[in-house]
Amino acid sequence: MKQELEQLLLASLGKLTGSVLAQMPAPSAVVVERTRDNQHGEFATNLALRLAKPAGRNPRELAAAIVAALPASPLLARAEVAGAGFINFHLAPEAYARELAGIHALGTAYGESRLGQGERVLVEFVSANPTGPLHVGHGRQAAYGATLANLLTAVGFEVAREYYINDAGRQMDILAVSTWLRYLGLCGEELPFPQNGYRGDYVHPLAHKLKAAAGEQLRRPAVSVLANLPADAPAGDKEVYIDALIARARELLGTDGFREVLELSLAEMLADIRNDLGEFGVVFDHWSSERALADSGAIDHALAVLESRGRLQRRDGALWFRATEFGDEKDRVVVRENGQKTYFASDIAYHLQKRERGFARLIDVLGADHHGYVARVRAGLIAMGQPGECLEATLIQFVSLFRGAEKIPMGKREAQFVSLRQLREEVGNDACRFFYLMRSHEQPLDFDLELAKSHTNENPVYYIQYAHARVASVMKQLASRGLSFDRDAGLSAAGMLGSAQEQAVLSSLTRYPEIVEQAAVNRAPHALVHYLRDLANAFHTYYNAEAFIVGETALRNARLALVLGVQQVLRNGLTLLGVSAPQSM
RNA sequence: GUGCCCGUAGCUCAGGCGGAUAGAGCAUCGGCCUUCUAAGCCGAGGGUCGCAGGUUCAAGUCCUGCCGGGCACGCCA
């Protein structure tokens, strides 16, 4: 509807160009908005106010000229000039009826558009290190990323969902050592557990798996493990200690033995993460591995590209990327003095690889603590000849858990953090996804477990689902009274839907495509949450104001066509959010 | 110290590219179940949009400064 009105305005401007207007304004200048107050009609535009100054015209006169030149349309009852020079559009009664028929005809496809024109977008999200279970912060990123990907798909982008696995480097070694030490404990060896090891309970099942797979073959006496190690914290340095322990494990197990421990730990952790996300309704198209990236030569390739463009410099024995020339605040090391490539090197190589795989736009969903990362990766992309705008980062603010008014302490190191799985088991997937998406991602989230679990009117989750279930209930009631619904009759009688509540429902209903577009373009899934609440509110109000199952057949069919339209849109919206749309509650 | 984000009703938060009288939920108070699910509806009270300037027909929205809060700034991963 909005788009059609914008087309009408463009046609009008076309007619005025050359006479009233010196030149044709850009199509992007034509913006139609919903009105806040329906005294002003359903839609309005400030077009004349915006054009008045450059055209050297009085805004009201210009508005009147635009209205006069407007082509006739079945959509419009009338357009009028108001206020300082607004143009208000009053819809024809058939306009809503036509849109309602569209909802019934399109079904699950209602709300989709071709805005994205098939542009390929890669949404990378979660990408948590596979060194422990996902926590509640990852859960927010998972819910956000999955819904953003759904929204972008709905508006016509070709979207790939990707998880980047940081499976190279020291953190994996620490995980392997942690598993091995727990395994040695199972074998009966008595050893202290390192301060800097992964102390969480989840390591124990890894050790059991290892014992089942390897028996006692990886067992080494505690004395040989501990011989001549530096002191652990607090007396010594926990970083130095863990590195010595890793070296010792390699020495005692051999390269193959150590790798066996590491591979098993990694595979188990990844399986756990994948399973957790799958249960949460978050599914990825690709799991991209950092090790595979290195093995494929992609990092060397990226460094070669930088080298060939003269962006690298050797300094103090290390190889530096001159990032400051591309907007970063300092230069970055890509190869350390000891010959090891840095994390940064694999990050830019990974992003270059994404581009080379054919993605026009790269969206990284990151935790808020990663904001420094964006400028340097973008600098890397530009230096490698890629457009800087292709990379877009959405920073997701942190989650605090509350049980009522009491804040739950979190901290990975203390091993008492709340995992996503625990959260899901306690409050359920629907409430979980809803609460994660309820607030703007730019806003820190206070997640109240008591509220999410409560089945009372304080809990906003059920409000929307209830509206959906109520429609299902009405249809059951209809059948039990021996009546049936005639959709075509209902749609052709839609002109009877003239009450204030019916108009409010229709108005809200027909906004859905605008909301989907807005939520996708602004990367703002919470806009959809708020919209669905508003639609549910309009529906509940209507429900309380009028009986749908009335004696008069035409009116009954029209009302049922309307509430079934509401149900369809609620279901479409909830599906984008990853929340279920129940038939009964 | 430098950079990014945030500051709107008692609480938690929406406010599209600047637009008409700044909105929801919760909480508080008052109503609505012999009728399609009361997990619902209707009504009332509640605001110096952190502060001070600036830009203009128009500022919660844009710009500058200040105050307050969060986060990040390694040849770590």
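The model shown is predicted, which means the values in this text are computed figures rather than measured ones. We name chains A, B, ... by the order of the sequence lines, and we start the count at 1 in each one.
- Contact annotation for A/Ala44: base contact, defined as any heavy-atom pair under 4.0 Å involving a base atom.
- A/Arg481 comes within 4.0 angstrom of the backbone, heavy atoms only, and of no base.
- Of the charged side-chain nitrogens involved, none lies within less than 4.0 Å of a carboxylate oxygen, so that A/Arg403 and A/Asp448 do not count as a salt-bridged pair.
- The distance from atom CZ of A/Phe434 to atom P of B/A39 is 17 Å, rounded to the nearest whole Å.
- B/C5 and B/C17 are spaced 15 Å apart, taking the P atom of each and rounding to whole Å.
- Applying the Watson-Crick and G-U wobble criteria (two distances, each under 3.5 Å), B/G40 pairs with B/C32.
- Look at A/Arg378 and A/Asp328 and you find no salt bridge, because none of the NZ, NE, NH1 or NH2 atoms lies under 4.0 Å from a carboxylate O.
- Residue A/Thr541 is in sugar-phosphate contact alone, with no base atom involved, counting any heavy-atom pair closer than 4.0 Å across all strands shown.
- Judged by distance alone with a 3.5 Å cut-off, a donor-acceptor contact links the side chain of A/Asn88 to the base of B/A20.
- Glycosidic conformation at B/G16 (O4'-C1'-N9-C4 for purines, O4'-C1'-N1-C2 for pyrimidines): syn, within 90° of 0.
- Nucleotide B/U55 forms a pair with no other nucleotide shown, judged by Watson-Crick or G-U wobble geometry with both contacts under 3.5 Å.
- Taking a centre distance below 5.5 Å and an interplanar angle below 30 degrees as the stacking criterion, A/Tyr343 stacks against the six-membered base ring of B/A77.
- You'll find that the side chain of A/Ala82 is closest to B/A20, out of B/C41, B/A20, B/C73.
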Identify each atom pair where a protein N or O and an N or O of nucleotides 13-15 of chain B are less than 3.5 Å apart, giving names and distance.
{"residue": "B/C13", "atom": "OP1", "partner": "A/Pro444", "partner atom": "O", "Å": "3.4"}
{"residue": "B/C13", "atom": "O2'", "partner": "A/Arg439", "partner atom": "NH1", "Å": "2.9"}
{"residue": "B/A14", "atom": "OP1", "partner": "A/Ser440", "partner atom": "N", "Å": "2.9"}
{"residue": "B/A14", "atom": "OP2", "partner": "A/Gln443", "partner atom": "NE2", "Å": "3.2"}
{"residue": "B/A14", "atom": "O3'", "partner": "A/His526", "partner atom": "NE2", "Å": "3.3"}
{"residue": "B/G15", "atom": "OP1", "partner": "A/His526", "partner atom": "NE2", "Å": "2.8"}

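- Residue A/Lys2 is the one, among A/Glu329 and A/Lys2, whose nearest nucleotide of RNA chain B lies closer to the 5' end (criterion: closest heavy atom).
- For A/His441 (side chain) and A/Tyr144 (main-chain N/O), no donor-acceptor pair under 3.5 Å exists by modelled atom type.
- Counting non-hydrogen atoms under 4.0 angstrom, A/Ala52 reaches nothing in the nucleic acid.
- A salt bridge is absent between A/Glu42 and A/Arg34: the closest approach of a Lys/Arg side-chain nitrogen to an acidic carboxylate oxygen does not fall below 4.0 angstrom.
- Dashed line: the shortest gap from a side-chain N or O of A/Arg336 to OP1 or OP2 of B/A77 is under 4.0 Å.
- Under the Watson-Crick and G-U wobble criteria, each requiring two contacts below 3.5 Å, nucleotide B/A22 is left unpaired.
- Residue side chain A/Asn522 does not reach the base of B/G16 through any donor-acceptor N/O pair under 3.5 Å, judged by distance alone.
- Taking only side-chain atoms of A/Ala318, from C-beta outward, the nucleotide of B/C41, B/C75, B/A77 with the closest atom is B/C75.
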A/Arg439 and A/Asp446: salt bridge (charged side-chain N to carboxylate O under 4.0 Å, His left out), yes or no, with the steps?
CA-CA 9 Å; A/Arg439 303 293 179 226; A/Asp446 289 343; over 6 Å; no

Pair A/Asp347, A/Arg376 - check salt bridge (charged side-chain N to carboxylate O under 4.0 Å, His left out), show working.
CA-CA 10 Å; A/Asp347 286 339; A/Arg376 37 180 204 271; 6.0 Å; no

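- The ring of A/Phe398 does not lie on top of the base of B/G70; it is either too far (5.5 Å or more) or too tilted (30° or more).
- A sub-4.0 Å separation between OP1 or OP2 of B/A77 and a side-chain N or O of A/Thr131 is absent.
- Base-pair partner of B/C49: not found among the strands shown (Watson-Crick or G-U wobble, both distances under 3.5 Å).
- B/A22 and B/G46 have their P atoms separated by 14 Å, with the value rounded to a whole Å.
- A/Phe548 and A/Tyr543 have their aromatic ring centers within a separation under 6.0 angstrom.
- For B/A38, the OP1/OP2 oxygens have a side-chain nitrogen or oxygen of A/Arg470 closer than 4.0 Å.
- B/C26 and B/A9 are spaced 12 Å apart, taking the C1' atom of each and rounding to whole Å.
- The A/Asn46 side chain lies nearest to B/G19 when the options are B/G19, B/C76, B/C36.
- Taking every side-chain heavy atom of A/Arg533 into account, B/G25 is the closest of B/A77, B/G25, B/G74.
- A glycosidic torsion no more than 90° from 0 defines the syn conformation; B/C6 lies beyond that range and is anti.
- Phosphate proximity of B/C41 to A/Tyr463: present, with a side-chain N or O under 4.0 Å from OP1 or OP2.
- With a 3.5 Å ceiling on both atom-pair distances, B/C17 lacks any Watson-Crick or G-U wobble partner.
- Look at the C1' atom in both B/G69 and B/G50: the space between them is 11 Å, to the nearest Å.
- We find that A/Glu442 and A/Arg523 are not joined by a salt bridge, their nearest charged nitrogen and carboxylate oxygen being 4.0 Å or further apart.
- Pairing for B/U2 goes to B/A72, judged as Watson-Crick or G-U wobble with the two contacts each under 3.5 Å.
- Between A/Tyr198 and A/Tyr202, the ring-plane angle classifies as tilted under the 30° and 60° cut-offs.
- No engagement by A/Gly83 is indicated, since no non-hydrogen atom pair under 4.0 Å with the nucleic acid exists.
- Of the two residues near RNA chain B, A/Asn537 and A/Met172, the one whose nearest nucleotide lies more 5' is A/Asn537.
- As rounded to the nearest Å, B/C13 and B/A27 have C1' atoms that lie 14 Å from one another.
- Spacing between B/C73 and B/U8 at atom C1', rounded to whole Å, works out to 31 Å.
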Run the side chain to side chain donor-acceptor pair (under 3.5 Å) check on A/Asn537 and A/Tyr463 step by step: do they pass?
CA-CA 8 Å; A/Asn537 179 36; A/Tyr463 188 83; 3.2 Å; yes

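- Within a 6.0 Å radius of CD in A/Gln3, no more than 12 heavy atoms belonging to other residues, nucleotides or ligands are found.
- Comparing B/C41 with B/G3, their P atoms sit 48 Å apart, to the nearest whole Å.
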What are the atom names and distances for every N/O pair under 3.5 Å that joins the protein to nucleotides 56-59 of chain B?
{"residue": "B/C57", "atom": "OP1", "partner": "A/Lys53", "partner atom": "NZ", "Å": "3.3"}

Should A/Asp430 and A/Gln465 be marked as a side chain to side chain donor-acceptor pair (under 3.5 Å) after you check the CA-CA gap, both sets of side-chain angles, and the distance that decides it?
CA-CA 10 Å; A/Asp430 282 346; A/Gln465 292 184 319; 3.0 Å; yes

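- Judged by distance alone with a 3.5 Å cut-off, a donor-acceptor contact links the side chain of A/His371 to the base of B/C71.
- Comparing B/G60 with B/U55, their P atoms are spaced 16 Å from each other, to the whole Å.
- Contact between A/Lys330 and A/Thr324 at its shortest, heavy atoms only, is CA-CG2, 3.4 Å.
- Across B/C75, B/C17, B/G19, the shortest atom-to-atom separation from the side chain of A/Glu33 is found for B/G19.
- With a 6.0 Å cutoff to the six-membered ring centre and a 45° limit on the axis angle, A/Arg140 does not count as a cation-pi contact of A/Tyr436.
- Nearest nucleotide to the A/His540 side chain, out of B/C73, B/C75, B/G40: B/G40.
- Among the protein residues, A/Lys476 comes within range of no part of the nucleic acid, since none of its heavy atoms lies under 4.0 Å from any strand.
- Among the atoms of the strands shown, none is found under 4.0 Å from any heavy atom of A/Glu517.
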